[in-house]
Every structure is written in C-alpha cells, then in structure tokens.
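Every chain is numbered from 1, with letters handed out A, B, ... down the list of sequences.
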Amino acid sequence: MQTVLIRDIGQYEGKKVTLKGWLYNRRSSGKIQFLIIRDGTGFIQGVMVQAESDPEIYELAASIPQESSIEVQGTVKRDARSPLGYELVLENIVLISEAKDYPISLKEHGVDFLLDHRHLWLRTPRQVAIMRIRNTVVKALRDWLDSRGFCLVDAPILTPAACEGTTTLFETDYFGEKAYLSQSGQLYMEAAAMALGRVYCFGPTFRAEKSKTRRHLIEFWMLEPEMAFVEHEENLAIQEEIVKYVIRTVLEKHRQDLELLQRDISRLEKVLEKPFARMSYDAAIEYLQSQGHDIQWGDDFGAPDETALANLHDGPVFVERFPAAIKAFYMKPDPQRPEVVLAADLLAPEGYGEIIGGSQRIDDMDLLLQRIKEHNLPEEAFQWYLDLRRYGSVPHSGFGIGLERFITWICGLSHLRETIPFPRLLNRIYP
RNA sequence: UCCUCAGUAGCUCAACGGUAGAGCAACCGGCUGUUAACCGGUAGGUUGCAGGUUCGAAUCCUGCCUGGGGAGCCA
C-alpha cells in the first residue's frame, strides 16, 4: 500500500493509502469517532464507525493521546463537510509512540507559556502556516535576485569591529582577541559588488539592544543586496519591484494560509495596484509639525512619528533624503544638497514600521576618510573598506530587508516573534 | 536603563479584607457526523518570593524575582 502525504491526498480518491503522522485531536460521539491527523503537509480528518471497525483497533483509537505519532491505513473519500475536501475512512491504526500528558491543549494559552514550549508550539496549524509563508518569502526574494543576475555572497558572522558603531554588539572571544557577532554584512557586500557587480547576502544578524517591543528580535535575518553602478533612484525602483514580487508570490501560493491567519488579503492586493508613495524627510518633518509632533529638522523619527507617516498611505511609503548627521557614515550626500544623504527607509502600512533601509554609498575616497574621522571610527580597521575607493571606485547602492518584519506585515501578525522558528528575545534564549 | 501592567489548579481566568472557584486538560461514564464537539461525575492549591499592617491577607503596604506591553535604538 502506498504511503502518501496529506498535501497530495486528492490524487488518491477511492484508494486505500497509508499515512504517517501525529494525532492532532480526537472528537468522539459514542459509536463514531473522528481523529484529526497531521503530517506536516496538512491536516485530515479520519473517521471510524464502531459497527464497521475491528473492536481492538476502535478501542486503541479511542485511547491514543493527543500528539502521539501514528501510522494509519484508510480509504480516501471525498466529503463536502471537510475543509480539505477529503476524509480518510480508517481501517487500521498503529501507535508508533505515545505522547503522554502533552502540554499544549487546543484552548488558549498565554505568550509566556507558548514561548517556553516553542518546540511544540510550532506543531500548531497557525505556526505551520507562518513557517510555510516564511519559506516562500525567502525563496521569492532569492528567485527574484537570481533571475536578475545577483550572486549570493555570504558575509562573515564573526567580525573584528563595529560596522556602524551605533548599536550594541555581542562580544565574543576570538583566541584572545575581541570579536563581535555581525550586525550587518553590508560593508563586505560592497567589496563583493566590486568583484561580482550585483550581490546579496542573507543571514542572521545580532543586536544586543535591550529592546523588548513587538518589532524587535535579538537575532534576526536580513537580506542585503548591493549593486555596482546603481544610484539612488534605481535603488528605490529595485526595492519596490522585489517587495511587490514577494507579495504577489505569497498571494498566489498561500491564500488558505493567509485566511487561516485571518489576514485581510485586500490590504495586500492594494499594495500591488500602484507605485509606492514617496516623501522627502523635509516634507515628513513639515507634516509631523503640522500634526503637533514635537520634532525639529535634524531629529530622527521616533516610533509614533513613523506610524503617523505610514498611516498617510494604504501602501508602503519611501521616506528619503535624511540629514547626513543622523545617518550612517558611509551614506552619499545629495550632490544638490550636501546636508542630506541619498538614503531611504521603506515604511510598511498598517503600523508595521520600517522594513527596508537603504542608501547610495560614498564612492569618493577623501570624503569617506573624512566621515570615518568625524565618526571617531578606527581608521586602521577600515583600510580594506577604503581600498574599495582607492582601486576602481564606482557609484553603488544597496539596502537591507528585515525578513521577520516583512513577514509580520505580510501575515498581519501583532508580534514578529512568531515569524522565526526559535525567537531570541530579551532575557529569553530557551528553547 | 526608564515608564506601565501582570504573576491564583497542568492551561486560561474569577474571587478585590471574612471558609480559594469555574472552564479546558487528566481520570470514570454517556452520546452514530463531530469541527477548540457536547452532557454527567472524580481528582487536582504553600495564591511568584521575603517581610509588614490587621482579630483575620490571594486581596492593603514595602522590597525582591519573573514575565507582558511601550520608550529609547533599530530591520
């Protein structure tokens, strides 16, 4: 008899098949019982009628605890009452391993309890849906980049010094020297872009900030493309295209998962309909002041400011040309207005905050050296980075997408901790 | 680091100065189409920890611990 996956069950209508998985739930009504079986690819209801079953097997079925691993044989039957469209008329059940006193019930649980049991929480339909969407988001991002000639170049995770100096880094011992967990692969991608033209890195990044909000993880994944001969305008166009491609792909492949998450799908469809909004930093400040926010030209946006700006639109909005003083040392000044840099943040709608930060980079040797000094960065440590301007410097740009924030927005979640299999949060590193 | 809210049964919560309770889970029983099934029963507690006020504290006060949400910072 063929062992099949629940995902493919429709191909076996009327046939007898074997299924291997776990018992998700059981409902019984005296002489009939329903076993909900999951195998990682889906959920299916198995039906057993006492009068038509082997008494020993019927009794076994009635006694198997939730989340025990089982192997079952049964006949696939079309049934309109099933959300899947099919049921399995069970004929045999083999208990592989009994799960006694499974901690997670089908009722509500608190966040603390669920996070302590993240290794089991992942088994629930909602978490499975999110993990599958995460998989699709990653694949769509990479497919888009690969199809446009980008090359994946892996950045190191152990780094000798702060990339940008601002954020708190995790320190570790590197054979007697200090080393730090990477907070960005960008500087290395600039080197790679001078070798391969268009590149990206995709990996975990670490921030030792004592942040605990629904928008922060200590360890998160970031995709960072970097492109030689690409300037500010084209940089934004590329960001818009890749974001739209990912959303279109998720809408195509995950309607059911999005519905399970109770995502308002029309909000995502709207994003595809028109170009992303654009707003200058200057205009943003003017708007915020008109709304009574306490903010001056030269200040960075706080979270309430960002939300107010994002709420002006029902799609994402680029905020661009920030004061150089509040941005990273490597960002290129606008030639028309050197006090602002050719940088943009992409703010997601619906209060999901910044999902992309990008900029054109300084390609002039003297200016970059000057900025390194102004920021009190160790010149010695940046010699290799300066070499990129010494030897065949070109205009280049790049950006970073925060994977978990992007997924949180796509899925319409209230907290990004559900978008990563094992979230690292402030004071929480178990399991 | 700061602000704020909360810790009571395995889980989710109620009791707000006068004998600690419910739903779910567990266990026993009933039910032939259930969808977090339902119905009846049994068992389950050092109320986060330490101190204080009071005739009497889960409840009021002080300190500590743990967690949630937020600020700052960021993706």
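- For the P atom pair drawn from B:A50 and B:U59, the interatomic distance equals 13 Å after rounding to whole Å.
- We find that CZ of A:R215 is positioned 11 Å from P of B:G69, with the value rounded to whole Å.
- B:A26 and B:A43 are spaced 9 Å apart, taking the C1' atom of each and rounding to whole Å.
- If you check every strand for non-hydrogen atoms under 4.0 Å, A:Q66 touches nothing.
- Residue-nucleotide stacking is not present for A:F34 and B:G33, judged by a side-chain ring centre under 5.5 Å from the six-membered base ring centre and planes under 30° apart.
- In this entry the distance linking CG of A:D101 with P of B:A25 reads 14 Å, nearest Å.
- Residues A:D116 and A:P103 form no side-chain contact, since every pair of their non-hydrogen atoms from C-beta on lies 4.5 Å or further apart.
- Nucleotide B:C55 forms a Watson-Crick or G-U wobble pair with B:G18, both donor-acceptor distances falling under 3.5 Å.
- Nucleotides of RNA chain B nearest to A:L426 and A:P304 differ in position, and the one nearer the 5' end is that of A:L426.
- In this structure, the ring of A:W297 has its center less than 6.0 angstrom from the ring center of A:Y281.
- No more than 12 heavy atoms of other residues, nucleotides or ligands lie within 6.0 Å of CD in A:Q256, so this atom counts as exposed by the packing criterion.
- You'll find the side chain of A:F329 reaches within 4.5 Å of the side chain of A:L368, heavy atoms only.
- A:D345 comes within contact range of no nucleotide atom at all, as no heavy-atom separation falls under 4.0 Å.
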Under 3.5 Å, which N/O atoms of the protein pair with N/O atoms of nucleotides 27-32 of chain B?
{"from": "B:C31", "atom 1": "N3", "to": "A:G30", "atom 2": "N", "distance (Å)": "3.1"}
{"from": "B:C31", "atom 1": "N4", "to": "A:G30", "atom 2": "N", "distance (Å)": "3.4"}
{"from": "B:U32", "atom 1": "OP2", "to": "A:K31", "atom 2": "N", "distance (Å)": "3.4"}

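- When distances are taken from the side chain of A:E108 to each of B:U34, B:U12, B:C73, the shortest belongs to B:U12.
- In this structure B:U8 sits in no base pair that meets the Watson-Crick or G-U test at under 3.5 Å.
- Neither side chain, A:Y24 nor A:R123, offers a donor N or O lying under 3.5 Å from an acceptor on the other.
- B:U8 sits 15 Å from B:G45 when the P atoms are compared, rounded to a whole Å.
- Donor-acceptor pairing under 3.5 Å is lacking for the side chains of A:S29 and A:R27.
- Base pairing annotation: B:G40 forms a Watson-Crick or G-U wobble pair with B:C28, both donor-acceptor distances under 3.5 Å.
- Positionally, the nearest nucleotide of RNA chain B for A:K77 lies more toward the 5' end than for the other of A:K327 and A:K77.
- Between the side chains of A:Q73 and A:T18, at least one donor N or O sits under 3.5 Å from an acceptor N or O.
- In this structure A:R132 satisfies the salt bridge (charged side-chain N to carboxylate O under 4.0 Å, His left out) test with no other residue, sequence neighbours excluded.
- Between the P atom of B:C3 and the NZ atom of A:K210 lies a distance of 16 Å, rounded to the nearest Å.
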Practice problem: At under 4.0 Å between heavy atoms, which parts of nucleotides 5-10 of chain B does protein reach? Answer with one letter per nucleotide, 5' to 3': B base, S sugar-phosphate only, - none. | Solution: ------

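- Side-chain proximity of A:V111 to B:A75, B:A71, B:G68: nearest is B:G68.
- A close approach under 4.0 Å does not occur between any side-chain nitrogen or oxygen of A:H109 and OP1 or OP2 of B:A25.
- If you check every strand for non-hydrogen atoms under 4.0 Å, A:G353 touches nothing.
- Base pairing of B:C64 is made with B:G48, judged by Watson-Crick or G-U wobble geometry with both donor-acceptor distances under 3.5 Å.
- Scanning atom types as modelled, one donor and one acceptor separated by under 3.5 angstrom connect the side chain of A:S211 and the base of B:C73.
- Using cut-offs of 30° and 60° on the angle between ring planes, the pair A:F150 and A:W144 is tilted.
- Nucleotides B:C24 and B:G18 are separated by 30 Å at their C1' atoms, to the nearest Å.
- In the set B:C73, B:U34, B:A75, the nucleotide with an atom closest to the side chain of A:E209 is B:C73.
- Distances from the side chain of A:E87 to the nucleotides B:G67, B:G72, B:U34 place B:U34 closest.
- A distance of 6.0 Å or more separates the ring centres of A:Y330 and A:F382.
- Taking the P atoms as reference points, B:A6 lies 26 Å from B:U53, given to the whole Å.
- Distance CD (A:E354) to P (B:G72): 13 Å, rounded to an integer number of Å.
- Residue A:R417 places at least one side-chain N or O under 4.0 Å from the OP1 or OP2 atom of B:G69.
- Remark: the A:Y287 side chain and the A:D305 side chain contain no N/O donor-acceptor pair separated by less than 3.5 Å.
- The shortest side-chain heavy-atom distance between A:E418 and A:W121 falls under the 4.5 Å cut-off.
- Here, B:U4 and B:U46 have their P atoms 33 Å apart, quoted to the whole Å.
- Atom-to-atom, CG of A:D299 to P of B:C74 comes out at 13 Å; the value is rounded to the nearest Å.
- Within 4.0 Å (heavy atoms only), A:H415 reaches sugar-phosphate atoms of the nucleic acid but no base atom.
- Nucleotide B:A71 has B:U1 as its partner under the Watson-Crick or G-U criteria, with both atom distances under 3.5 Å.
- Across the protein-nucleic acid pair, A:I295 atom CD1 and B:G72 atom C1' stand 14 Å apart, rounded to whole Å.
- The existence of a salt bridge linking A:R148 and A:E234 is excluded, since no basic side-chain nitrogen approaches an acidic carboxylate oxygen closer than 4.0 Å.
- In the set B:G69, B:G33, B:A71, the nucleotide with an atom closest to the side chain of A:T213 is B:A71.
- Comparing the P positions of B:A57 and B:G51 gives a spacing of 14 Å, expressed to the nearest Å.
- Proximity note for A:L115 (side chain, C-beta onward) versus B:G68, B:U34, B:A71: the nearest is B:G68.
- Rounded to an integer number of Å, the gap from A:R207 CZ to B:G72 C1' is 15 Å.
- With distances taken from any side-chain atom of A:R428 to the nucleotides B:U34, B:G67, B:C74, the minimum falls on B:G67.
- Comparing the P positions of B:G10 and B:U66 gives a spacing of 22 Å, expressed to the nearest Å.
- The interatomic distance linking A:I104 (CD1) with B:C24 (C1') rounds to 15 Å, in whole Å.
- Base contact: A:L217 has a heavy atom under 4.0 Å from a base atom.
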